[in-house]
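Let me begin by presenting the structure, written as structure tokens, before commenting on it.
Since the structure is predicted, the reported quantities are computational estimates derived from the model, not experimental observations. The residues of the chain are indexed from 1 along the displayed sequence.
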Amino acid sequence: MKKILIDIMKSFGDENTIFCSEADFQFCLAWKIKEKLGNRAEVILEYPQPTEKKINYIDLCVIYDGKKHFIELKYKTKKKEVYCHGVKLELKTHAAQDNGRYDFCADIQRLEKYTEKGSSSYAILLTNDNTLSISISSFFP
């Protein structure tokens, strides 16, 4: 799954793909995964994870080769005029970059809690704001 996600994210970059929202990013990623894996995979948006107090949702769950692959997404932008789906849009600024980094780390922590034996988890932060950059080299050599 890791290679598939890397290839898809690379294709988004190569094609200069712009998303109008995190939901748009989530849907496009799910679509690309389904295109690559076809009927061999089940792709579920907003996968429910019950807890004692409430239900939490994982952005994407891909069931493939008998394994669950959980994916959490963050799409943080800074202000920029773009054309998305043939429409001129203005991406908004998601200020408070420290909160954005914290939210991303909270996603990782949540994934660690819900990861089942034999499953895998991925957290993806997509941004056009270089102040949100996080070095992941310490996590993934």
Practice item. Could I get the full list of side-chain contact (heavy atoms from CB on, under 4.5 Å) partners for E15, not counting sequence neighbours? Key: S11, T17, K32
Identify whether [X] and [Y] are in the same connected component of the hydrophobic contact network (ILVMFWY, side-chain heavy atoms under 4.5 Å).
X   : Y    : result
M1  : L45  : yes
V43 : Y57  : no
W31 : L126 : no

Check your understanding: Short question: side chain of K67, backbone of S120 - any donor-acceptor pair under 3.5 Å?
Key -> no
Side chains of [X] and [Y]: closer than 4.5 Å at any heavy-atom pair?
X    : Y   : value
D59  : I71 : no
I58  : E72 : yes
L37  : I4  : yes
I124 : F25 : yes
E46  : Q26 : yes
L5   : H69 : no

**Study point:** side-chain contact (heavy atoms from CB on, under 4.5 Å) assessment of L73 paired with L29
**Key:** CA-CA 10 Å; L73 306 172; L29 181 60; 3.7 Å; yes
Review point. Taking 4.0 angstrom as the limit, do K74 and E22 come out as a salt bridge?
Key: no
Review point. Would you call D107 and R110 a salt bridge, taking side-chain N to carboxylate O under 4.0 Å as the test?
Key: yes
Point to revise | Flag if over 12 foreign heavy atoms under 6.0 Å of CD, Q109 | key: no
Point to revise | Aromatic contact, F19 with F27 (centres under 6.0 Å) | key: no
Practice item. Using ring-ring contact (aromatic ring centres under 6.0 Å, His included) as the criterion, list what pairs up with Y47, not counting sequence neighbours. Key: F70
Review point. Looking at A41 and Y64, what are the two nearest heavy atoms and their distance?
Key: CB-CD1, 4.1 Å
